[in-house]
Amino acid sequence: ALRTPPAHEDIVAEAGQAASALGLIDLATACAERVVLSPRMHVRVRAQIVRELARLAALDRPSAPGAPPESAVYTRRMVATRVEILKRLEGSLASAQRVDDPQLVTEVAVVMHETLLPLLQPELLGAVHRPLQAAAAALEAIDSPLTQLRAQLHAELARCEVRAEFLVKAATQVDKGLALDLPDAEAQERLRAALRPLAERLQLRSDVWAEPEGAVDQAYLRFERARATAE
(Lines give C-alpha, C1' and ligand atoms only; values in the text may rest on other atoms or scores of the structure.)
Protein backbone atom coordinates (compact mmCIF):
# COMPACT_ATOMS: atom_id res chain seq x y z
CA ALA A 1 0.00 0.00 0.00
CA LEU A 2 1.09 3.57 -0.65
CA ARG A 3 2.44 5.43 2.37
CA THR A 4 1.68 9.06 3.21
CA PRO A 5 4.52 11.41 4.23
CA PRO A 6 4.49 11.81 8.04
CA ALA A 7 3.76 15.54 7.81
CA HIS A 8 0.45 14.79 6.06
CA GLU A 9 -0.69 11.76 8.05
CA ASP A 10 -3.01 13.66 10.40
CA ILE A 11 -4.74 15.33 7.46
CA VAL A 12 -5.24 11.99 5.67
CA ALA A 13 -6.57 10.30 8.83
CA GLU A 14 -9.02 13.13 9.47
CA ALA A 15 -10.08 13.08 5.81
CA GLY A 16 -10.83 9.38 6.21
CA GLN A 17 -13.03 10.07 9.23
CA ALA A 18 -14.85 12.85 7.36
CA ALA A 19 -15.38 10.62 4.32
CA SER A 20 -16.75 7.87 6.57
CA ALA A 21 -19.21 10.30 8.17
CA LEU A 22 -20.42 11.26 4.67
CA GLY A 23 -20.86 7.63 3.65
CA LEU A 24 -17.93 7.70 1.22
CA ILE A 25 -16.70 4.33 2.41
CA ASP A 26 -14.28 3.55 -0.42
CA LEU A 27 -12.56 6.91 0.00
CA ALA A 28 -12.51 6.49 3.79
CA THR A 29 -10.95 3.04 3.48
CA ALA A 30 -8.33 4.31 1.03
CA CYS A 31 -7.35 7.06 3.46
CA ALA A 32 -7.11 4.59 6.34
CA GLU A 33 -4.88 2.22 4.35
CA ARG A 34 -2.49 5.08 3.58
CA VAL A 35 -1.77 5.76 7.26
CA VAL A 36 -2.55 2.54 9.14
CA LEU A 37 1.20 1.72 9.37
CA SER A 38 2.13 5.16 10.66
CA PRO A 39 4.86 5.23 13.33
CA ARG A 40 2.58 7.52 15.36
CA MET A 41 0.07 5.66 17.48
CA HIS A 42 -2.68 8.29 17.42
CA VAL A 43 -2.69 8.20 13.61
CA ARG A 44 -2.89 4.39 13.62
CA VAL A 45 -5.83 4.55 16.04
CA ARG A 46 -7.71 6.98 13.80
CA ALA A 47 -7.04 4.73 10.82
CA GLN A 48 -8.40 1.77 12.78
CA ILE A 49 -11.55 3.72 13.68
CA VAL A 50 -12.14 4.38 9.96
CA ARG A 51 -11.55 0.73 9.11
CA GLU A 52 -14.11 -0.40 11.65
CA LEU A 53 -16.63 2.20 10.52
CA ALA A 54 -16.22 0.85 6.98
CA ARG A 55 -16.93 -2.68 8.26
CA LEU A 56 -20.07 -1.40 9.97
CA ALA A 57 -21.14 0.40 6.80
CA ALA A 58 -20.77 -2.84 4.85
CA LEU A 59 -23.56 -4.28 7.01
CA ASP A 60 -25.91 -1.61 5.68
CA ARG A 61 -25.72 -3.14 2.22
CA PRO A 62 -28.33 -5.80 1.35
CA SER A 63 -27.00 -9.35 1.20
CA ALA A 64 -29.02 -9.93 -1.99
CA PRO A 65 -31.13 -7.84 -4.37
CA GLY A 66 -34.38 -6.85 -2.67
CA ALA A 67 -33.20 -8.10 0.73
CA PRO A 68 -33.04 -5.82 3.76
CA PRO A 69 -29.62 -4.57 4.88
CA GLU A 70 -27.76 -7.02 7.10
CA SER A 71 -27.63 -4.42 9.87
CA ALA A 72 -31.43 -4.61 10.12
CA VAL A 73 -31.59 -8.38 10.62
CA TYR A 74 -30.18 -10.41 13.50
CA THR A 75 -28.08 -12.87 11.56
CA ARG A 76 -25.09 -14.80 12.86
CA ARG A 77 -22.85 -12.77 10.53
CA MET A 78 -24.21 -9.43 11.74
CA VAL A 79 -23.65 -10.34 15.38
CA ALA A 80 -20.22 -11.87 14.77
CA THR A 81 -19.09 -8.84 12.74
CA ARG A 82 -20.07 -6.43 15.48
CA VAL A 83 -18.44 -8.56 18.18
CA GLU A 84 -15.18 -8.69 16.21
CA ILE A 85 -15.29 -4.93 15.63
CA LEU A 86 -15.76 -4.38 19.36
CA LYS A 87 -12.71 -6.51 20.15
CA ARG A 88 -10.53 -4.49 17.80
CA LEU A 89 -11.92 -1.21 19.13
CA GLU A 90 -11.08 -2.28 22.68
CA GLY A 91 -7.46 -2.45 21.54
CA SER A 92 -7.78 0.96 19.91
CA LEU A 93 -9.25 2.38 23.11
CA ALA A 94 -6.29 1.08 25.12
CA SER A 95 -3.91 2.67 22.59
CA ALA A 96 -5.75 6.00 22.80
CA GLN A 97 -5.41 5.89 26.58
CA ARG A 98 -1.69 5.17 26.32
CA VAL A 99 -1.08 8.27 24.20
CA ASP A 100 -3.14 10.27 26.72
CA ASP A 101 -5.41 11.82 24.09
CA PRO A 102 -8.88 12.51 25.59
CA GLN A 103 -10.40 13.43 22.23
CA LEU A 104 -9.20 10.18 20.70
CA VAL A 105 -10.47 8.20 23.71
CA THR A 106 -13.85 9.85 23.23
CA GLU A 107 -13.96 9.08 19.50
CA VAL A 108 -13.24 5.39 20.07
CA ALA A 109 -15.77 5.12 22.91
CA VAL A 110 -18.49 6.73 20.76
CA VAL A 111 -17.91 4.25 17.92
CA MET A 112 -17.89 1.37 20.41
CA HIS A 113 -21.28 2.46 21.73
CA GLU A 114 -22.72 2.79 18.23
CA THR A 115 -21.41 -0.68 17.41
CA LEU A 116 -22.84 -2.44 20.45
CA LEU A 117 -26.29 -0.82 20.54
CA PRO A 118 -27.97 -3.53 18.38
CA LEU A 119 -26.41 -6.19 20.64
CA LEU A 120 -28.18 -4.98 23.79
CA GLN A 121 -30.47 -8.00 23.75
CA PRO A 122 -30.78 -10.31 26.79
CA GLU A 123 -29.15 -13.24 25.05
CA LEU A 124 -26.25 -11.11 23.74
CA LEU A 125 -25.33 -9.11 26.85
CA GLY A 126 -22.39 -11.38 27.54
CA ALA A 127 -20.79 -10.22 24.29
CA VAL A 128 -21.04 -6.52 25.15
CA HIS A 129 -20.29 -6.64 28.88
CA ARG A 130 -16.54 -6.07 28.58
CA PRO A 131 -16.74 -3.39 25.84
CA LEU A 132 -19.28 -1.51 27.96
CA GLN A 133 -16.95 -1.70 30.96
CA ALA A 134 -14.01 -0.43 28.89
CA ALA A 135 -15.91 2.48 27.31
CA ALA A 136 -17.56 3.58 30.57
CA ALA A 137 -14.28 3.43 32.52
CA ALA A 138 -12.36 5.29 29.80
CA LEU A 139 -14.84 8.19 29.65
CA GLU A 140 -15.00 8.32 33.43
CA ALA A 141 -11.18 8.47 33.65
CA ILE A 142 -11.05 11.59 31.45
CA ASP A 143 -14.16 13.09 33.08
CA SER A 144 -15.75 13.34 29.65
CA PRO A 145 -18.34 16.11 29.22
CA LEU A 146 -20.48 13.66 27.21
CA THR A 147 -22.53 12.96 30.30
CA GLN A 148 -25.55 11.63 28.43
CA LEU A 149 -23.45 8.97 26.71
CA ARG A 150 -21.74 8.15 30.00
CA ALA A 151 -25.11 7.78 31.73
CA GLN A 152 -26.30 5.42 28.98
CA LEU A 153 -23.15 3.34 29.33
CA HIS A 154 -23.53 3.08 33.11
CA ALA A 155 -27.21 2.12 32.77
CA GLU A 156 -26.51 -0.52 30.13
CA LEU A 157 -23.57 -1.86 32.13
CA ALA A 158 -25.74 -2.07 35.26
CA ARG A 159 -28.18 -4.31 33.39
CA CYS A 160 -25.29 -6.54 32.27
CA GLU A 161 -24.08 -6.80 35.87
CA VAL A 162 -27.57 -7.72 37.07
CA ARG A 163 -27.85 -10.44 34.46
CA ALA A 164 -24.47 -11.79 35.59
CA GLU A 165 -25.69 -11.64 39.23
CA PHE A 166 -23.04 -9.05 40.16
CA LEU A 167 -25.45 -6.98 42.24
CA VAL A 168 -22.90 -4.82 44.04
CA LYS A 169 -21.25 -3.91 40.74
CA ALA A 170 -24.67 -3.17 39.25
CA ALA A 171 -25.53 -0.85 42.15
CA THR A 172 -22.21 0.96 41.65
CA GLN A 173 -23.02 1.57 37.99
CA VAL A 174 -26.49 2.85 38.87
CA ASP A 175 -25.00 5.26 41.41
CA LYS A 176 -22.46 6.51 38.87
CA GLY A 177 -25.20 7.11 36.32
CA LEU A 178 -27.42 8.98 38.78
CA ALA A 179 -24.49 11.14 39.92
CA LEU A 180 -23.94 12.61 36.46
CA ASP A 181 -25.27 16.05 35.52
CA LEU A 182 -26.97 15.80 32.17
CA PRO A 183 -27.23 18.76 29.75
CA ASP A 184 -30.92 19.52 30.40
CA ALA A 185 -33.59 18.87 33.00
CA GLU A 186 -35.67 16.64 30.73
CA ALA A 187 -32.74 14.31 30.04
CA GLN A 188 -31.92 14.24 33.74
CA GLU A 189 -35.46 13.22 34.60
CA ARG A 190 -35.48 10.48 31.95
CA LEU A 191 -32.26 9.13 33.42
CA ARG A 192 -33.70 9.09 36.93
CA ALA A 193 -36.90 7.45 35.70
CA ALA A 194 -34.84 4.72 34.03
CA LEU A 195 -32.41 4.07 36.87
CA ARG A 196 -34.39 4.57 40.08
CA PRO A 197 -36.58 1.45 39.64
CA LEU A 198 -33.43 -0.59 39.00
CA ALA A 199 -31.80 0.92 42.10
CA GLU A 200 -34.84 -0.01 44.20
CA ARG A 201 -34.88 -3.57 42.85
CA LEU A 202 -31.18 -3.94 43.59
CA GLN A 203 -31.74 -2.72 47.13
CA LEU A 204 -34.47 -5.31 47.63
CA ARG A 205 -32.34 -8.13 46.25
CA SER A 206 -29.26 -7.17 48.25
CA ASP A 207 -31.10 -7.11 51.61
CA VAL A 208 -32.05 -10.69 52.40
CA TRP A 209 -34.12 -9.53 55.39
CA ALA A 210 -36.03 -6.89 53.47
CA GLU A 211 -39.82 -7.04 53.70
CA PRO A 212 -41.12 -4.34 51.36
CA GLU A 213 -44.51 -2.76 51.99
CA GLY A 214 -45.79 -2.39 48.44
CA ALA A 215 -47.57 -5.32 46.80
CA VAL A 216 -45.51 -5.00 43.61
CA ASP A 217 -42.21 -5.00 45.51
CA GLN A 218 -43.35 -7.94 47.65
CA ALA A 219 -44.24 -9.93 44.53
CA TYR A 220 -40.92 -9.04 42.90
CA LEU A 221 -38.94 -10.12 45.97
CA ARG A 222 -40.85 -13.41 46.24
CA PHE A 223 -40.14 -14.10 42.58
CA GLU A 224 -36.43 -13.37 42.98
CA ARG A 225 -36.16 -15.56 46.10
CA ALA A 226 -37.96 -18.40 44.35
CA ARG A 227 -35.70 -18.07 41.31
CA ALA A 228 -32.59 -18.11 43.48
CA THR A 229 -33.82 -21.22 45.30
CA ALA A 230 -34.56 -22.99 42.03
CA GLU A 231 -31.06 -22.24 40.74
Side-chain angles (χ1 to χ4, degrees), residues 1-61 69-71 77-120 124 126-150 152-154 156-157 160:
L2 292 173
R3 291 285 303 278
T4 296
H8 300 153
E9 285 179 338
D10 286 305
I11 296 172
V12 173
E14 290 170 9
Q17 286 181 285
S20 178
L22 292 170
L24 304 173
I25 303 305
D26 291 340
L27 175 59
T29 301
C31 290
E33 295 305 319
R34 291 288 294 265
V35 295
V36 74
L37 297 179
S38 167
R40 293 184 292 171
M41 186 176 288
H42 76 277
V43 174
R44 295 201 303 272
V45 170
R46 284 210 159 86
Q48 191 63 44
I49 291 173
V50 174
R51 277 179 154 185
E52 303 311 333
L53 287 172
R55 290 184 175 104
L56 281 177
L59 291 175
D60 289 330
R61 299 169 182 163
E70 284 195 82
S71 60
R77 180 176 180 275
M78 184 275 270
V79 171
T81 298
R82 289 182 181 273
V83 169
E84 288 301 316
I85 288 172
L86 286 170
K87 288 179 181 177
R88 287 188 290 266
L89 287 174
E90 279 189 75
S92 298
L93 183 62
S95 297
Q97 290 175 299
R98 282 198 295 275
V99 298
D100 195 23
D101 186 334
Q103 178 58 36
L104 194 55
V105 167
T106 301
E107 290 173 18
V108 180
V110 167
V111 177
M112 288 177 73
H113 189 240
E114 291 173 355
T115 302
L116 64 81
L117 277 175
L119 304 182
L120 291 173
L124 297 174
V128 299
H129 195 162
R130 197 172 75 174
L132 278 170
Q133 286 177 318
L139 293 180
E140 181 181 13
I142 62 172
D143 195 19
S144 169
L146 298 181
T147 51
Q148 193 150 354
L149 172 59
R150 289 172 61 189
Q152 282 181 268
L153 288 168
H154 287 305
E156 290 154 0
L157 184 51
C160 287

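Values below: every heavy atom of this structure, side chains too, minus hydrogens, waters and symmetry copies. Throughout, residue positions are numbered sequentially from 1 according to the sequence presented.
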* Structure fact -> side-chain hydrogen bond (donor to acceptor under 3.5 Å, both in side chains) filter on Ser144, not counting sequence neighbours, yields none
* Asked: Hey, does Leu119 have a side-chain heavy atom less than 4.5 Å from the side chain of Leu86?
  -> yes
Quick one: side chains of residues 10-25, donor-acceptor pairs under 3.5 Å with protein atoms, not counting sequence neighbours, listed by atom name and distance.
{"residue": "Asp10", "atom": "OD1", "partner": "His42", "partner atom": "NE2", "Å": "2.8"}
{"residue": "Asp10", "atom": "OD2", "partner": "Arg40", "partner atom": "NH1", "Å": "3.3"}
{"residue": "Gln17", "atom": "OE1", "partner": "Arg46", "partner atom": "NE", "Å": "3.1"}
{"residue": "Gln17", "atom": "NE2", "partner": "Glu107", "partner atom": "OE1", "Å": "3.0"}

* Structure fact -> By salt bridge (charged side-chain N to carboxylate O under 4.0 Å, His left out), Glu90 pairs with (sequence neighbours left out) Arg130
* Looking at CG of Leu149 and NE2 of His154, how far apart are the two atoms once the value is rounded to the nearest 0.5 Å? -> 9.5 Å
* **With Leu120 via side-chain contact (heavy atoms from CB on, under 4.5 Å) - residues at least two apart** => Leu116, Leu117, Leu125, Val128, Leu132, Glu156
* With Ala138, which residues qualify under side-chain contact (heavy atoms from CB on, under 4.5 Å), at least two apart? -> Leu93, Gln97, Val105
* To do: Name all residues meeting the side-chain hydrogen bond (donor to acceptor under 3.5 Å, both in side chains) criterion together with Asp143; count only those two or more places apart in sequence or in a different chain, and write none if there are none.
  => Arg150
Show me the donor-acceptor pairs, under 3.5 Å and distance only, between side chains in residues 47-59 and residues at least two apart or in other chains.
{"residue": "Gln48", "atom": "NE2", "partner": "Glu52", "partner atom": "OE2", "Å": "2.3"}
{"residue": "Arg51", "atom": "NE", "partner": "Glu33", "partner atom": "OE2", "Å": "2.9"}
{"residue": "Arg51", "atom": "NH2", "partner": "Glu33", "partner atom": "OE1", "Å": "3.0"}
{"residue": "Arg51", "atom": "NH2", "partner": "Glu33", "partner atom": "OE2", "Å": "3.3"}
{"residue": "Glu52", "atom": "OE1", "partner": "Arg55", "partner atom": "NH1", "Å": "3.1"}
{"residue": "Glu52", "atom": "OE1", "partner": "Arg88", "partner atom": "NE", "Å": "3.3"}
{"residue": "Glu52", "atom": "OE1", "partner": "Arg88", "partner atom": "NH2", "Å": "3.3"}
{"residue": "Glu52", "atom": "OE2", "partner": "Arg55", "partner atom": "NH1", "Å": "2.8"}
{"residue": "Glu52", "atom": "OE2", "partner": "Arg88", "partner atom": "NE", "Å": "2.8"}

* Asked: Are side-chain heavy atoms of Leu157 and His129 found at a separation under 4.5 Å?
  -> yes
* Going by heavy atoms in the side chains, are Val35 and Cys31 under 4.5 Å from each other? -> no
* Structure fact -> Between the OG atom in Ser95 and the CG atom in Leu89, the distance rounded to the nearest 0.5 Å is 11.0 Å
* Structure fact -> Nearest heavy-atom contact between Pro39 and Glu9 is CD-OE2, 3.9 Å
* To do: Quick one: list whatever passes salt bridge (charged side-chain N to carboxylate O under 4.0 Å, His left out) with Glu114, sequence neighbours left out.
  => none
* To do: Would you mind reporting whether Leu146 and Leu139 have side-chain heavy atoms less than 4.5 Å apart?
  => no
* Asked: For Pro118, which residues count as a side-chain contact (heavy atoms from CB on, under 4.5 Å) partner, sequence neighbours excluded?
  -> Tyr74, Arg82
